[in-house]
Colleague: 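Supplied in structure tokens, the structure appears directly below.
All values below were derived from every heavy atom in this structure, side-chain atoms included, with hydrogens, water molecules and symmetry-related copies excluded. For ligands, and for the atoms within them, numbers begin at 1 and follow the listed sequence. Each residue takes its place number in the sequence, starting with 1.
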Amino acid sequence: MRNARWKAASRAAVALAGAGALVAGMALFTTAPAAAGTTLGASAAEKNRYFGTAVAAGRLSDSAYTTILNREFNSVTPENEMKIDATEPQQGRFSYGAAEQIVNHARSRGMSVRGHTLAWHSQQPSWMESMSGTALRSAMLNHVTQVATHFRGQVVAWDVVNEAFADGSSGGRRDSNLQRTGNDWIEAAFRAARAADPGAKLCYNDYNTDNWTHAKTQGVYNMVRDFKARGVPIDCVGFQSHFNNESPYVSNYRTTLSSFAALGVDVQITELDIQGASAATYRSVVEDCLAVPRCNGITVWGIRDSDSWRASQTPLLFNSNGSKKPAYDAVLAALNNGTTPTDPPTDPPTDPPTDPPTTPPPGQGGCTATVSVNQWTGGFVATVRVTAGSSAISGWTVGIALPSGATVTNAWNANRSGSSGATSWTNVAYNGRVGAGQSTEYGFQANGTAGTITPTCTAS
Ligand code: XIL
């Protein structure tokens with residue numbers, strides 16, 4: 001259920017993005033079938049997903065670039081500006097200007113931000129490249145803490161660790177100065193990131209992990225499974241998906257996405273580009289994501305071919321002159337044809353429910369609410385999912401009794417009454433209307449211990 005927070009943020013961002021998106025979103029709830037989105041972001045949002053792009057701060061002064069960015073996308077990943085060499089060019093001296101330019105551009109337009117990346121063997125500043133051992137471990141953890149703290153609340157998801165696995169048949173870790181500080185460097189980075197920004201999704205991100213049969217894919221899979229088993233705080237796995245002749249799209253990609261999702265993490269396609277931009281391949285990638293409920297977003301690695309790090313491969317959705325390529329049309333059509341995910345099934349109940357339902361069952365309208373909690377020592381984030389029954393609702397109120405000692409410190413996507421004991425939560429302007437069987441989410445952070453929270457839901 002941790003993906004709920006992501007989707008809530010994404011949906012909220014889209015709802016704020018502008019009248020066009022808002023109208024499209026409302027149409028979803030008032031007409032059937034859902035209206036087709038006319039932009040990538042709006043169409044993805046109708047499927048409870050985001051569609052993002054890498055952004056370079058230096059291009060924000062190019063109006064042809066920002067016109068497409070602002071029109072089409074509802075998520076942004078700084079292409080280089082949040083990397084270690086950009087944010088900590090000298091040890092202990094942090095530099096956030098270019099990253100903030102992108103974050104401000106995105107957030108002021110209702111786009112969400114993916115943070116990329118906190119710990120990586122590449123694009124290290126020279127002071128870090130020459131470090132090793134415990135000094136490097138401390139410097140890395142300090143970097144994670146400082147940067148994640150600086151952007152706390154502004155970044156929906158962090159690529160905490162990037163590209164830590166080796167290519168080839170070993171299935172093991174890549175050698176690097178970070179790896180040589182000890183095999184636990186990855187989980188240490190995730191723990192530091194969680195402590196610094198408990199509200200952000202924490203992702204592991206890599207390339208050449210698309211083919212389910214490859215050793216590298218299996219190596220990452222085994223790490224994520226181990227992390228989930230041991231309670232290492234990981235929420236999502238990013239698949240860069242730079243497809244080219246050496247590393248082509250394969251039809252088992254969907255199996256890869258769904259297999260990772262089955263571990264209890266969200267999956268995202270984080271840096272998509274396809275050599276030659278075959279419309280059919282782009283369509284397949286989008287269809288694969290939409291087929292996996294926990295695949296909650298796609299990011300292409302640049303806007304126009306001329307913006308691409310691999311420009312000569314013409315791998316993106318827009319020509320260098322800004323016009324839409326056939327791949328664009330294929331992606332938009334696939335998004336509009338896609339299914340809207342319901343949350344992945346939670347663990348099957350071990351006992352039949354004995355208590356009568358506290359909210360009207362489906363078929364009599366009303367709404368139900370479920371909550372998922374991310375608890376750490378001294379605090380927690382709760383994500384609450386409100387689901388309409390068999391009829392659309394135009395507003396909702398959720399009641400939550402917090403145990404003593406639990407105090408709400410901040411909240412998103414809902415109006416709150418009360419911060420401890422009996423609390424009441426009502427929809428905000430953009431998430432009151434919920435279609436029959438559809439869901440929306442809000443969340444809050446609190447001090448103390450959540451225990452078992454049993455929400456009630458009343459529709460209006
Ligand atoms: C690339 C950028 O696009 C280039 O501008 C830069 O010169 C090198 O890095 N995997 C990643 C991304 O995680 O950060 C890389 O981005 C592409 C490969």
Colleague: Any N/O of His116 closer than 3.5 Å to an N/O of ligand 1?
Modeller: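 Among all N and O atoms of His116, at least one is under 3.5 Å from an N or O of ligand 1.
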
Colleague: Between Tyr96 and His150, how do the two ring planes meet: parallel, tilted or perpendicular, split at 30° and 60°?
Modeller: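 Tyr96 and His150: parallel rings.
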
Colleague: Which residue and atom name correspond to the protein heavy atom nearest atom 5 (O) of ligand 1, and how close is it?
Modeller: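 Of the protein heavy atoms, Asn80 ND2, 2.9 Å lies nearest.
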
Colleague: How does Asp159 reach ligand 1, if at all, at less than 4.0 Å between non-hydrogen atoms: by side chain, backbone, both, or neither?
Modeller: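 Asp159 to ligand 1: no contact under 4.0 Å from either part.
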
Colleague: Does Arg230 CZ have over 12 foreign heavy atoms under 6.0 Å away?
Modeller: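 Correct, the count exceeds 12.
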
Colleague: Could you list which atoms of ligand 1 come closer than 4.0 Å to a heavy atom of Glu163?
Modeller: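 That gives atoms 10 (N), 11 (C), 13 (O), 18 (C) of ligand 1.
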
Colleague: Give me each pair satisfying ring-ring contact (aromatic ring centres under 6.0 Å, His included) with a member in residues 258-295, each pair once, sequence neighbours excluded.
Modeller: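 Passing the test, one end in residues 258-295: Tyr221-Phe260, Phe239-Phe260.
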
Colleague: Any nitrogen or oxygen of Trp309, main chain or side chain, under 3.5 Å from a nitrogen or oxygen of ligand 1?
Modeller: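 It does not: no N or O of Trp309 is found under 3.5 Å from an N or O of ligand 1.
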
Colleague: Do you know the tightest heavy-atom contact between Asp305 and Pro315?
Modeller: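 What the structure gives for the nearest pair is OD1-N, 3.3 Å.
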
Colleague: When Asn211 is tested against each of Thr217, Asn252, Thr255 for side-chain hydrogen bond (donor to acceptor under 3.5 Å, both in side chains), which residue passes?
Modeller: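 Answer after filtering Thr217, Asn252, Thr255: Asn252.
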
Colleague: Mind checking whether Trp120 contacts ligand 1 via backbone (N, CA, C, O), side chain (CB onward), both or neither, at a 4.0 Å heavy-atom cut-off?
Modeller: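 Answer for Trp120: side chain.
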
Colleague: Tell me the protein heavy atom at minimum distance from atom 8 (C) of ligand 1, and give that distance in Å.
Modeller: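 Looking only at protein heavy atoms, the one closest to atom 8 (C) of ligand 1 is Gln123 OE1, 3.4 Å.
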
Colleague: Give the residue and atom name of whichever protein heavy atom lies nearest to atom 3 (O) of ligand 1, and the separation in Å to one decimal.
Modeller: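 Result for atom 3 (O) of ligand 1: Glu79 OE2, 2.4 Å.
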
Colleague: Looking only at protein heavy atoms, identify the closest one to atom 15 (C) of ligand 1 and say how far it is in Å.
Modeller: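 Protein heavy atom at minimum distance: Lys83 NZ, 3.8 Å.
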
Colleague: For Asp210, does its backbone N or O pair with a side-chain atom of Thr256 as donor and acceptor, under 3.5 Å?
Modeller: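 Yes: the side chain of Thr256 pairs with the backbone of Asp210.
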
Colleague: Tell me, which protein residue and heavy-atom name are nearest atom 13 (O) of ligand 1, and how many Å apart are they?
Modeller: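 I find the closest protein heavy atom is Glu271 OE2, 2.8 Å.
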
Colleague: Would Val76 and Arg114 count as a side chain to side chain contact (heavy atoms under 4.5 Å, CB included) here? Give the steps.
Modeller: CA-CA 6 Å; Val76 153; Arg114 291 191 88 260; over 6 Å; no

Colleague: Using 4.0 Å as the upper bound for N to carboxylate O, is an ion pair formed by Asp235 and Arg194?
Modeller: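 Yes.
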
Colleague: Under 4.0 Å from a heavy atom of Asn162: which atoms of ligand 1 are those, numbered in the order shown and with their elements?
Modeller: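 Those of ligand 1 that fall under 4.0 Å from Asn162 are 11 (C), 13 (O).
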
